[in-house]
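Below you'll find the structure, written out as structure tokens, and then a few comments.
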Amino acid sequence: MSERSIIHMDLDTFFVSCERLKDSRLVGKPVLIGGTSDRGVVASCSYEARAFGIHSAMPMRMAKQLCPEAIVLRGNAGIYTKFSESVTEVIKEMVPLYEKTSIDEFYIDLTGMDRFFGCHQLATELRQRIIKETGLPISFGLSINKTVSKIATGEAKPNNQIKIDKGTEKPFLSPLSVKKIPMVGEVTYKSLCDLGIKKIKTVQEMPIEMMSRVFGKNGISIWKKANGIDHSPVVQYHERKSISTERTFDKDTTDVRKLESIIVAMTENLIYQLRRGNKLTACVTFKIRYSDFQTYTLQRRIPYSSADHKIIPLVKELYKSLYKRRLLVRLIGVKFSHLVEGGYQIDLFDDNDKIINLYQAMDKMRERYGDRAVIRATGMEAKSISRWNPFTGEPPPLLPNRRR
């Protein structure tokens with residue numbers, strides 16, 4: 001079997017780069033993108049802003065104090081998504097196997113391509129084509145596995161490329177900070193520093209048993225990554241295009257309170273499934289069927305989101321546009337389509353850290369105690385909402401019409 005050739009590609013300061021393509025006056029200036037209020041959060045920042053100590057997820061108020069002359073932009077998720085799709089199209093056309101892990105990050109498996117093109121040459125041509133066709137700066141790392149390639153990309157930035165030859169993984173990694181290892185967050189980094197471990201070289205020299213004793217399973221993973229060992233495959237990912245939920249009533253109803261309660265509960269649960277699956281939706285559809293079996297649907301395109309406070313009011317609005325009070329209702333349904341991979345950070349542009357923290361806290365409680373551990377008061381009347389996770393690859397459970 002031929003030696004693996006794995007590329008990690010990352011669009012540099014992606015949101016800022018998109019804004020600079022729209023407005024060249026931003027080039028060379030410290031730019032912050034995120035919530036523009038004092039309670040907002042930095043979603044992305046330029047290298048010029050980073051020189052002041054600013055980083056993503058920092059409160060906007062603090063970032064402005066560090067760099068008062070920074071240009072603060074609210075951001076536009078719809079535009080960034082279009083740029084991301086343009087890059088994806090180029091990659092899809094040129095390589096046999098790729099995995100898109102976020103709006104601006106890709107893994108590409110070129111194993112076996114050496115016989116035809118030379119993997120480094122193909123990766124270079126791909127990078128140049130992305131820069132030429134989209135105008136976006138992009139960096140890549142090429143090595144025998146995902147971990148080394150991802151770390152190499154970080155070293156290549158901004159707007160450059162690095163190839164790590166087989167057999168040189170350990171010497172390449174050894175002088176770097178342990179913070180560069182994927183999966184080493186702030187808490188783990190602090191624990192490692194407390195033990196006097198700051199460089200990857202120190203981890204390489206430690207016995208794996210010691211890392212296992214101190215950090216458990218995570219310790220073994222960190223040790224393997226520090227030694228350039230990673231057998232995880234590039235997964236050809238087929239996106240689930242939509243998720244939906246419906247409720248057929250055992251008795252047709254015109255009870256407005258009951259209808260609204262169930263609509264809120266259904267929508268809230270479906271949005272939680274989005275966040276749990278690390279997905280965002282760009283199209284919301286509401287469906288209603290009356291007792292005479294006439295069925296109507298209404299849909300609305302939105303900027304990519306997985307936020308209750310954005311989507312629930314929209315679903316209620318669609319319901320009010322369709323609902324004719326004179327008729328009994330037999331069925332209602334909510335559907336989210338045009339799904340993409342992406343965490344909630346894409347919605348940071350006009351939200352504040354309190355909302356983000358609230359969603360994270362609610363989702364943690366649901367993970368631990370069940371989907372309906374935390375629900376809106378208006379949705380209390382909906383007693384049985386599906387607890388199926390649509391993003392595990394499992395088929396949905398066969399449920400009879402759920403009764404209230």
Could you check whether [X] pairs with [Y] (Lys NZ or Arg NE/NH1/NH2 to Asp/Glu carboxylate O, under 4.0 Å)?
X      : Y      : answer
Lys163 : Asp165 : yes
Glu89  : Lys92  : yes
Asp23  : Arg25  : yes
Glu19  : Lys22  : yes
Lys146 : Glu99  : yes
Arg20  : Glu48  : yes
Asp230 : Lys150 : no

Practice item. Carefully, step by step, assess Met58 and Leu32 under the rule side chain to side chain contact (heavy atoms under 4.5 Å, CB included). Key: CA-CA 11 Å; Met58 176 182 275; Leu32 308 178; over 6 Å; no
Under a 4.5 Å cut-off applied to non-hydrogen side-chain atoms, are [X] and [Y] in contact?
X      : Y      : answer
Glu69  : Phe52  : yes
Ile208 : Ile220 : yes
Lys287 : Arg289 : yes

Review point. Between Tyr319 and Phe286, how do the two ring planes meet: parallel, tilted or perpendicular, split at 30° and 60°?
Key: perpendicular
**Study point:** Parallel, tilted or perpendicular: ring planes of Tyr80 versus Phe15, cut at 30 and 60 degrees
**Key:** parallel
Point to revise | Test log, rule side chain to side chain contact (heavy atoms under 4.5 Å, CB included), inputs Leu136 and Phe14 | key: CA-CA 8 Å; Leu136 293 165; Phe14 177 52; 3.9 Å; yes
Got a list of side-chain donor-acceptor pairs under 3.5 Å for residues 180-200, not counting sequence neighbours?
{"unit_1": "Lys180", "atom_1": "NZ", "unit_2": "Glu155", "atom_2": "OE2", "d": "2.6"}
{"unit_1": "Ser191", "atom_1": "OG", "unit_2": "Val187", "atom_2": "O", "d": "3.0"}

Exercise for review: Examine Lys100 relative to Phe106 and say whether NZ or CZ is less than 6.0 Å from the centre of the six-membered ring and inside a 45° cone about the ring axis.
Suggested key: no
